[in-house]
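Taking it in order: structure first as structure tokens, then the write-up.
Atom set for the values below is all heavy atoms of this structure, side chains included, hydrogens, waters and symmetry mates excluded.
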Amino acid sequence: MEFINLLKCTTKEKYIIEEIKTDNITKIRLQVLGVIRGTKIEILNKRINGAIIIKVRGTRLGIDKEISNSIYVVGEKIT
């Protein structure tokens with residue numbers, strides 16, 4: 001199964017996080033917010049500057065371009 005990063009995802013679609021490839025401090029911050037492997041997310045909006053707004057566990061979360069580029073999700077859309 002192919003993984004893609006959040007920057008390549010389609011808005012208004014749901015995905016499952018498979019891997020986070022970033023430094024430990026950022027990983028811990030994301031874990032505290034509930035962004036971990038196996039979590040279902042929905043891409044709500046993509047900004048021109050590369051930031052992405054996602055919905056995770058019922059909460060909206062803004063992620064900058066650098067972090068979005070390090071979060072990989074399942075390539076198939078989840079309903």
Side-chain angles (χ1 to χ4, degrees):
M1 197 173 293
E2 183 182 339
F3 301 150
I4 57 173
N5 65 31
L6 287 184
L7 293 178
K8 296 178 182 175
C9 290
T10 307
T11 57
K12 306 299 181 195
E13 296 294 338
K14 296 178 182 178
Y15 299 89
I16 295 179
I17 296 174
E18 281 298 322
E19 190 171 2
I20 300 173
K21 295 181 180 180
T22 188
D23 61 271
N24 283 337
I25 293 172
T26 304
K27 274 186 187 178
I28 291 169
R29 288 180 180 169
L30 291 171
Q31 287 174 356
V32 168
L33 295 169
V35 180
I36 58 174
R37 186 174 189 268
T39 302
K40 292 181 183 179
I41 62 168
E42 181 179 355
I43 310 299
L44 297 177
N45 199 350
K46 294 172 114 177
R47 304 287 180 171
I48 294 172
N49 64 1
I52 294 179
I53 309 297
I54 65 171
K55 184 176 182 181
V56 57
R57 300 180 191 266
T59 302
R60 291 175 152 211
L61 181 63
I63 300 176
D64 71 9
K65 183 178 181 179
E66 184 179 328
I67 295 172
S68 298
N69 198 34
S70 70
I71 298 175
Y72 290 83
V73 296
V74 172
E76 296 178 15
K77 296 170 188 164
I78 309 300
T79 56

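Both Ile20 and Leu33 are part of a single hydrophobic cluster, where members link through side-chain heavy atoms under 4.5 Å apart.
Checked against side-chain contact (heavy atoms from CB on, under 4.5 Å), Ser70 has the following partners two or more places apart in sequence or in another chain: Thr22, Ile67. With sequence neighbours left out, the side chain to side chain donor-acceptor pair (under 3.5 Å) criterion links Asn45 to no other residue.
The two residues Val73 and Cys9 come nearest to each other via the heavy atoms CG2-SG, 3.5 Å. Residues Asn5 and Ser68 approach most closely at CB-O, 3.9 Å, considering heavy atoms. Shown here for Leu7 and Gly50, the closest heavy-atom pair between the two residues is CD2-O, 3.5 Å. Of all non-hydrogen atoms in Lys46 and Leu6, the two that sit nearest each other are CE-O, 4.0 Å.
Counting only distance, with no hydrogens or angles, the side chain of Tyr15 and the backbone of Tyr72 share no donor-acceptor pair below 3.5 Å.
One distance of note links CD1 of Ile36 with CD of Gln31; it measures 7.0 Å at 0.5 Å rounding.
Within the hydrophobic cluster formed by Ile, Leu, Val, Met, Phe, Trp and Tyr side chains joined at under 4.5 Å, directly or through other members, Ile53 is accompanied by Leu44.
Sequence neighbours left out, the pairs with a member in residues 47-66 that pass side-chain hydrogen bond (donor to acceptor under 3.5 Å, both in side chains) are Thr39-Arg57. Within the structure, salt bridge (charged side-chain N to carboxylate O under 4.0 Å, His left out) contacts touching residues 16-36 (residues at least two apart or in different chains) are Glu18-Arg37.
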Working for side chain to side chain contact (heavy atoms under 4.5 Å, CB included), residues Ile41 and Ile17: CA-CA 7 Å; Ile41 62 168; Ile17 296 174; 3.9 Å; yes
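Between Ile54 and Ile71 there is no side-chain heavy-atom pair separated by less than 4.5 Å.
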